[in-house]
Structure formats: structure tokens, C-alpha cells
Undergrad: 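Have a look at this one.
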Amino acid sequence: MTTKIKTRFAPSPTGHLHIGGARTAIYCWAFAKANDGEFLLRIEDTDQKRSSDQATTGFFNDLKWLNILWDEGPEFEGTGGGDKGPYYQSQRLDIYKEQLQRLFDAGMAYYAFETAEELGEERKKARAEKRAYRYNRASLELSPETVQRYLDEGKPHVIRFKVPDGGPLTVTDCVVGDVTVERSEVDDFVIFKGDGFPTYHFAVIVDDALMNVTHIIRGQEHLNNTFKHILLQEALGFERPIFAHISLIFNPDGSKMSKRDKDKALRKYVRDNNIESPPETCISSDAWANWQSSKDNQLDTDDATKLALALGIELPEINVDDFKQAGYMPEVLLNYLCLLGWSPGNDVEQFDADFLVETFSLERIVKSPAKFDRAKLLAFNLDALQKLSSEEFEARLLAWCQEYAPEFSELDKFSLFASANHERSKTFKDATITSSFLIEDDEAVTWPESKPVKKALLKGEVSGLSRMPAIITAFKELEVWNAETIDGCLHALADEIADGNLGKVAQPVRIAVAGGPVSPPIGDTLVLLGKESTITRLKRCENYFSKYYEL
RNA sequence: GGUCCCAUCGUCUAGUCAGGUCAGGACACCAGGUUUUCAUCCUGGGAACAGGGGUUCGAAUCCCCUUGGGAUCACCA
């Protein structure tokens, strides 16, 4: 009997799930499902300083939103569970210590007492001499008595892995192929940190082995680490899993798409505009000072969002949650993400999760890195949105509005709002942007003196503005206020005062009520607004622009 | 800098492993058309095998070099 295939996604819960991580999770999930295997989720929270429960819950939510559910792992809203837990590395310390003891017993682990500063010096020196830094094994020379004395004294220490002698190391990667490295390139890396927790390298191979993971699909930044991992696996007598290293995702400018991009965007803006203190009631001055003191100190997500809002700049979307907020559909993001580094062939590009599971294979993963193209994602979202039935669109738009734009979800005529916006929306958010005039007070509408506005209202032998009184009168007389009667009224007006040219009457009306040249079809727009608001806005607009008449 | 990885239209990619149709599709772009705005939608168009050597009757495809890009070199994962 062949062993069941098991993949895992093992994020470190710092910040949010970003696009690159999401793609890795999707590939892991798809590969497991495509091969009748299992997908495991494990939380790598051995870095106590940076991990948080809040971030962990965020990861669960993001994964769940994408409908990437784990067969095994932390329990969350009905998914997860399993008998190989706990699935949080911070709760597995005893297990790691047990495995560590086996390494000590085999003489393959040793204590090291150098301080971070000392090591830093060594590294600098290595760099200056244009060679790679390797730990010099100084602590390995210490006598057992000295080591014991240091330990008794409570001297800070780490535990290192003693890399065994031998020839070159080769790993066969499913995506990259054979990769060989000289063993001398691997130094005695740290496996237990000064805080008593294992490092990533140690924890990951122990967990993968004990949880029976068969395939490790992860980002290519781990390719070099793989040699450390296979050495550790051999030392502990674990079976070597199958590796697949997938390429990275880049920004359109070629830089690595990373969680730091938001921070970078903010810093650049602040620097370029010589902003020296945070805008009023935005973030605390402590947070600002700490942020400005070093570029290693990132602003936390909430503060970053607030600051961006206060400065009026758009932060790049890089987290799954950013795209959710921006009004993309999860199945579209999943589809598009898959295409960044994998394709099913046969010119197929748009597909659903079922198709993915039917066709996914490691062989078709592309080796080269991909740039993230928002325009294509947007086009995909548009296509998917247009394929939705009107009922479905309405339901999903409502759910989105309830979370991100409650003023729209409370609209009396939500149904009409949805149908009026369906065909012109590329995202759920689009609907709220093109219809933002709906939630404005009649008295708050303003008109930019832009080209399209002037063209519709002021240009021509007979200007749009001059037709306004007739339009207002006609509307006042309309007894039944619905799309048909309004359209009928406008058509009649067009015939009477604009040589049958509907645009000449509809466009001025649109601008008057919406404050700009864009809105849903005019009939729907006016029904949504109601007769009273419509007439109030038409009058205000006429009044506002009448100054041009006098010129 | 050491080590490792990568290289087809502007972008994502098919084609590469088993050399042999004007290098295919999508997004973007450009030009027309439909449309009461916007967004759609329809038609058409330009657009690539990084460079140089080999191997071969024949190379995007196999080999080598150059160039370019990237990852990594932590008591972060």
C-alpha cells in the first residue's frame, strides 16, 4: 500500500496572509486534493516576539474565505483537527526537546556561547574578505567541563547542529530539478535559540516527519535551506519528503512582492513630501517616532491604514484581505493566483476550484518568477461578476456592503441598486463608487468644473443648463415615479427641446443629481434617488451654475 | 562578494522533457463599430524565442559561454 499523500502549509503568523503565501497554500491544497491526499495546516509561531493570536485568526479567515480548508490542523469553525497535534509549534516544545536529545546522544548537537555581537563581527569580516560567512565551530573546541561550567553559570547560549563530514549534497526538486551544493557551504546552524525555542529549521523537519508530511511545496527562498533540512532529516533518521520549490511573485516593477511594500510606500510618501509629524488624530506620536527611528520598525497594519487614509494615498494591495476589501471575489483571486506560475495548458485560463483539483500537477509549475498583474486580475473579476445571476450578484454585493460599506447595505432599494450596477462593476467596490452620490445629502452634492461637466451643462447653442427649467417642470408633473415613466418623460423632453437627442437632456440630469458624469442608467438613478431628491438636486445645480449664465 | 536558481510578446503563459506547421492564447495597448454617461460588448491590428558559439539536413526546444534578473548567506520563518 502506498502512503497517503500529505501536504502542509505552515505560515508564521506575523501580519496577514499575503498573495505569495496564499498561492503556496492553494498549490499545496490543490496537489493534495488532486491526489486524494490530505492538506495540513500548521502554525509556526516559534518567534514569540512576532507571532500573535490575532494574526493567526486572520490567517484562518483568509484561508477560509478562499475556501482552502485544511483536513488537519488547528480547529477553526468546523475545519481542522487531527491526532498529530498540537498544530501550534509553540505548544510542541517537549517534542522538540525529545528530538534534540537524540541529536545530543548521537554527538550531532552542541552548545555555543558566542554573543550575537561577536557573530556579527565575524560576518562583517567574512563579507569584507568577499567570502561567505561560516560559523567557525569555536564552541565545539570547548572542553565538556567548560561547557558545563558555562551552563551552570547560566551563560546565554544556543544549540548548533554539527554538520557531518561527507561529499556534495544533491536534492531532486519536482519543479527545479537536481540541485547540488558542496557540504562545506552548510555551516553548523543554530537549532535551538537563546530563548529555548527551536529555530525554524529544526521545528519544521521534526513536525513534517512526525505529522507524516510527504510533499513539501514552498517558496523558492527556501531552496538553499533544503540542504540544512535533509542533513537534519538524515541525522534524526527521518524519511526525506519530496520537495517542490515554487518561484516568487514580483511587483510589476520587478521588486519582490512583500508584506513590507505598504510600509515602503508610506515611507516614500512621507520622505518625498518632507512630512515630519503625523497628521492630527491619526496615529500616536510614539508610534510615529518609533516608526521613523528605523526602517526596520514597521507600522502595524491598523496604523498604516489610518496613516494612508489621513495622507490620502492608496496602499498597494498585497494581502488576501486587501483584495477582499477591494471587492474581488475569492474564486477569482484563487483562479488568478494559480495562473501565476502554473497553467493547465490548452489555452484554458478561467476555471474553478473543481477544475483545478482535477487537473493540477507539479509538472506544470513554471520555474521562472511571475509579476503580479492587477489589470488581468481585474478583467477576470469582471468576467466572473458578469456571469453571476442577478440574484447571486445582489446577495454577494449585499454581504460585501454589510462588511465594508454599511451605508449601502441599508439602502431601501438595495435590490435596484444592485441590478443597476451589475453590468458596470468590475468589483463590488465599484458599485459603491459609481453610486456614491446615493448616500450623499442633497445639500452636500458639489460639481467639479471638469470638462465633461462643462460640456454637458454649459456648451452648445442651447446649453444643458438652459434646458433645466423645462426638465424640472416635467418631473414635477410626473405622477408615477419609476424607470419607465422617467424614461418616457425624458424621451418626450428630448423630442421637444433637443431635437430628439436623449443625451442632451439625460446627461445634464445625470450630472445634476450625481455630481459627475457617471452613474447607472438614468431611469434607475432617479428612482434610486427618489423624486424629491432629484428635484432638489436639479434646482441646486441650476442655481450653482447660473453664475456662468451671467458671464 | 560566495553559493544556488531563472530567462518566449509590455505582463501571465502554451510550445522545451520525446528537435521538423507563418511561435498559439489571455490581459494590456492601438484603430474602428455598438451604446443616453460610465463600464460592457463586437471586429481588426501591432507585439516575443536576451546575445554569441556549437551539435544537427533542421534548434525556441539539446550542450557551452556571455549578459541580465532573482534567492540566500540570522538566536525570522
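Naming: A, B, ... by sequence-line order, numbering from 1 per chain.
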Undergrad: Report which part of the nucleic acid His222(A) touches: base, sugar-phosphate, or nothing (heavy-atom distance under 4.0 Å, all strands).
TA: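 Answer is base: heavy atoms of His222(A) come under 4.0 Å of a base.
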Undergrad: Looking only at side-chain atoms of Tyr133(A), point me to the closest of rC76(B), rU36(B), rA74(B).
TA: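 Selected nucleotide: rA74(B).
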Undergrad: Return the value, rounded to whole Å, for the distance between atom CG of Asn421(A) and atom C1' of rU40(B).
TA: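 Atom CG in Asn421(A) sits about 13 Å away from atom C1' in rU40(B).
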Undergrad: Output the rounded distance in Å from CG (Leu119(A)) to C1' (rC76(B)).
TA: 15 Å
Undergrad: Using a 4.0 Å heavy-atom cut-off, does Arg183(A) contact any base of the nucleic acid, only the sugar-phosphate backbone, or nothing at all?
TA: nothing
Undergrad: Mind checking if Pro452(A) touches a base, just sugar-phosphate, or nothing, with heavy atoms under 4.0 Å?
TA: nothing
Undergrad: Under 4.0 Å between any heavy atoms, over every strand shown, what does Glu423(A) touch: base, sugar-phosphate, or nothing? Just pick one.
TA: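 Contact class for Glu423(A): base.
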Undergrad: Is Val158(A) touching bases, backbone alone, or none of the nucleic acid, heavy atoms closer than 4.0 Å?
TA: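 Base contact - Val158(A) has a heavy atom under 4.0 Å of at least one base atom.
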Undergrad: Specify the separation, in whole Å, of atom CG of Asp347(A) and atom P of rG15(B).
TA: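 Whole-Å distance recorded here is 10 Å.
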Undergrad: Within this structure, what is the CG-to-P distance between Leu377(A) and rU11(B), rounded to whole angstrom?
TA: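 Result: 18 Å.
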Undergrad: Using atom CG of Asp383(A) as one end and atom P of rU40(B) as the other, report the distance to the nearest whole Å.
TA: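 Result: 10 Å.
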Undergrad: I'd like to know if Lys376(A) reaches the base of rA26(B) with its side chain such that a donor and an acceptor end up less than 3.5 angstrom apart.
TA: yes
